Amino acid sequence: MPLLKLFGSDLVPALEEPLQEVSLEDWCDNPQAHADATALVIENDIGVEHIAEDLSSFGIIILMFPTFKDGRAYSQARLLRERFGYTGEIRARGDVLRDQALFMVRCGFDAFEFAGDDAFAASTALAELSFAYQPASDRAEPVWRRRLDRPAAA
Amino acid sequence: MYRYDEFDATLVGERVAQFRGQVERRLSGALSEEQFKPLRLMNGLYLQLHAYMLRVAVPYGTLSSRQMRKLAYVARKYDKGYGHFTTRQNIQYNWPALVDVPDILDDLAEVEMHAIQTSGNCIRNVTSDQYAGAAADEVEDPRIWCEVIRQWSTFHPEFTYLPRKFKIAVTASQNDRAAIRLHDIGLRIHKNDAGETGFEVIVGGGLGRTPYIGHTIREFLPKKHLLSYLEAVLRVYNLEGRRDNLYKARIKILVNAGGVEKFTDLVEAEWTAIRKSEIDLPTEEIERIRAYFTPPDFEDLPAESAVLEQKRKGEAAFARWLRVNTVAHKTPGYAIVNISLKPVGGIPGDISDVQMEAVADLAAQYSQDEIRATHEQNLVLPHVKKDDLYVVWQALTVQDLATPNIRLVSDIIACPGLDYCTLANTRSIPIAQRISERFSDLEQQEDIGELKIKISGCINACGHHHVGHIGILGVDKKGEEFYQITLGGSGAEDASLGEIVGRGLSSGDAVGAVEKLVHYYRNNRQDNERFIDTYRRLGADPFKEALYAAA
């Protein structure tokens, strides 16, 4: 299960450091008991607003893909980035495949525990679409803005 | 109509390249069918009973003649010489080989067409009024906003793995030809008391196993906020929609389970948080898109055509076609022409490559190069001069495309059914064929008037039987095909869900049942009542009695 992280527009293999993980529920029950936690795990049926106040306590938040078809974590990631201003690592865990990586990056994920052995092709997958029609959590300029910036036709 | 710029063209080209890679990985075994399935579905490729099926998007039902010619070419080169127009204004090919599909998509990309998001649990091809830009009764051309939605929803990173598929329809007319109350989101462009145009937002309609009429969650949304409002609805759905049960995953279940007030509150709260963001398009981009939908240069013509009047008097068959298959255009001297894909005994929505070429020729010569696909599985030439109607009629007649039955009893919607579909319990197409044969008398059809028959081969309701004036649902009982009749449905502005009237019938009796119902209606209608009006006035009981008594 190789871990890859986003650097610029590339996914590169990263060293898997041991994490002290805590679930959002356990953290909310008793934060003091988990003061040494380094990563927060949020299941995908829990609202991320529950942790809004404590986001700065964590350098890593792990969001879950029980199956790749279950896309709730895309919304959770965007909310963490865009609404709650979280700037730490957002890691995708579970059924994480290369064909979903581009959209995950667009929603704010920057670390991936790849499920398959096609992890090393994932960087290629990120480059498969050059433009985005809509703004999201990445800094991709939406196509409409590129159109506005383009010099008027002579 | 909208034309791709370099950004649109690049994205579609890249998508084909991406899918080509995915097909190669599937063929080499690097991808399992389970992993490949959502990828192929997102590119419109199904695995049906006998073969793959490719569904090609016709965004909001608008086609140029060049695009129609390419569809004909694909039918000839890669399929068995025909295609099938669907209830979502798309076209399906029933027999492509997997290995050919990337080449088909490359061919389609040459004419700015694709199969992106025609399946899968994502935002599907947006549909609209087939008369958009031509209808006398519209507030403005709804396709401007369809194109805005097309771009926003294409490759939306957050909404590609939704609980279930998501369908949006837009109309700008009081007369609903896009079935907006039966979509996940229906949008109706209208004017408020201050004279501004905006959207009525309707959410949670749908057919399938559990049909619902949509609820209006906002009477008036200023147009500039459309995308942020849609994003709010989709985010609430993505996070809150059920994923534990395939049959309870559509947004209609979410809206109705907790109540529409609660759902509306969630959407409004989400919208308040995001409405100031960059999701909504700047005016410049909306105007850029709007410019593509500038009406064509219509000639200044008298309202009536002398040529037309002369031919109308002379030829009864032409006069009938004019009455039934043409519709008022907003410009004097023009008409909207409906092309029936429902010949007597034919397969609803099917069209051969030769017919496609003929339609393309007519569009190029007589209809400002435009063709529309309708959700009732017909085609439209939206801008025909009244002076040209006679030659257009003659050309359509030669191709068996002039059956004068639009909105009549033989203009039947039918799902592909057990002839193609893996989900179906029963066949639908043969029932449609037999009904149209039984009612082949054109004079009788016209006398019966508007009567919408819709046939589904299973409870997934792709044939929209819930909203048929007469709906027919195929059910399997111990290996035998039975058909349940529903009455009183409508997919139009007076939307309603039909009710089941009684026990299922054999396929032979189902056709006879339609005849009995029609007979009862003709004997009991008042004035100009349509079938549905008589049914609503008298209620279900007398119709049930007519159907089952003395059987």
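Proteins come first, then strands; the chains are lettered A, B, ... in the order of their sequence lines, and each starts at number 1. Small disclaimer: the values here were computed from a predicted structure and weren't measured.
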(message) Please report the interatomic distance OG1(B:T160) to CZ(A:R106), rounded to the nearest 0.5 Å.
(response) 10.0 Å
(message) What's the separation between atom CG in B:L162 and atom OH in A:Y74, rounded to the nearest 0.5 Å?
(response) 10.5 Å
(request) Against chain A, label B:R164 side chain, backbone, both or neither, depending on which of its atoms sit under 4.5 Å from a heavy atom there. (result) neither
(message) Quick one, B:P282 and A:L148 - any side-chain contact, counting heavy atoms below 4.5 Å?
(response) yes
(request) Measure the CZ-OH distance between A:F103 and B:Y161 for me, rounded to the nearest 0.5 Å. (result) 7.0 Å
(message) Could you go through B:F159 and A:S75, starting from their C-alpha distance and side-chain angles, then the distance that decides it, and tell me whether this counts as side-chain contact (heavy atoms from CB on, under 4.5 Å)?
(response) CA-CA 8 Å; B:F159 306 134; A:S75 290; 4.3 Å; yes
(request) Taking the side chain as every heavy atom from C-beta outward, state whether B:F155 and A:L102 have any atom pair closer than 4.5 Å. (result) no
(request) Might you point out which heavy atoms bring B:D280 and A:W144 nearest each other, and give the distance in Å? (result) O-CZ2, 4.4 Å
(request) Salt-bridge test for A:R78 and B:E231: reply yes if a basic N is under 4.0 Å from a carboxylate O, no otherwise. (result) yes
(request) Check whether more than 12 heavy atoms from other residues, nucleotides or ligands sit under 6.0 Å from atom CD of A:E25, and answer yes or no. (result) no
(request) Check whether any side-chain heavy atom of B:I279 lies under 4.5 Å from a side-chain heavy atom of A:Q134, and answer yes or no. (result) no
(message) Is A:R147 in contact with chain B via its backbone, its side chain, both, or neither, using a 4.5 Å heavy-atom distance?
(response) both
(message) Do A:L79 and B:E270 make a side-chain contact, defined as non-hydrogen atoms from C-beta onward lying under 4.5 Å apart?
(response) yes
(message) So for A:L129, is it side chain, backbone, both, or neither that comes closer than 4.5 Å to the heavy atoms of chain B?
(response) both
(message) I'd like to know if B:D5 pairs up with A:R146 as an ion pair, taking the criterion as any Lys NZ or Arg NE/NH1/NH2 lying under 4.0 Å from an Asp or Glu carboxylate oxygen.
(response) no
(message) Below 4.5 Å, heavy-atom pairs only: which of B:Q35, B:R15, B:E285, B:E284 has the largest tally toward chain A?
(response) B:E285
(request) May I ask you to test the B:I274-A:R83 pair for a side-chain heavy-atom distance under 4.5 Å? (result) yes
(request) Drop me the distance from A:D70's CG to B:N121's CG, to the nearest 0.5 angstrom. (result) 10.5 Å
(message) Around atom NZ of B:K37, are there more than 12 heavy atoms from other residues, nucleotides or ligands closer than 6.0 Å?
(response) no
(request) Check whether any side-chain heavy atom of B:F7 lies under 4.5 Å from a side-chain heavy atom of A:S130, and answer yes or no. (result) no
(request) Measure B:L39 against the heavy atoms of chain A and call it side chain, backbone, both or neither at under 4.5 Å. (result) side chain
(message) Strictly distance-based, threshold 3.5 Å: is any side-chain N or O of B:N238 a donor or acceptor partner for the main-chain N or O of A:G71?
(response) yes
(message) If you count heavy atoms of other groups shown closer than 6.0 angstrom to CZ of A:F7, is the number above 12?
(response) no
(request) Answer yes or no: is there an ion pair linking A:R150 with B:E6, defined by an N-O contact shorter than 4.0 Å? (result) yes
(message) Please evaluate residues B:R25 and A:D99 with respect to the criterion side-chain contact (heavy atoms from CB on, under 4.5 Å), reporting the C-alpha separation (whole Å), side-chain torsions for both, the decisive distance (0.1 Å), and the verdict.
(response) CA-CA 12 Å; B:R25 282 155 63 209; A:D99 293 294; 2.9 Å; yes
(message) Between B:E240, B:Q22, B:R288, who has the most heavy-atom pairs with chain A when the cutoff is under 4.5 Å?
(response) B:R288
(message) So, taking the atom named CZ in A:F131 and the one named CG in B:D8, what distance separates them when rounded to the nearest 0.5 Å?
(response) 10.0 Å
(request) Tell me, for B:T154 versus chain A, whether the close heavy atoms (under 4.5 Å) come from the side chain, the backbone, both or neither. (result) both
(message) Please check if the number of heavy atoms outside A:E53 that lie under 6.0 Å from its CD is greater than 12.
(response) no
(request) Report, as yes or no, whether the 6.0 Å neighbourhood of atom NZ on A:K69 holds more than 12 heavy atoms from other residues, nucleotides or ligands. (result) no
(message) Assess whether a salt bridge exists between B:E278 and A:R145, defined as any Lys/Arg side-chain N lying under 4.0 Å from an Asp/Glu carboxylate O.
(response) yes
(message) For a quick test of reading the model, state the closest non-hydrogen atom pair linking A:Y133 to B:Q151 and the distance between them.
(response) CB-O, 2.9 Å
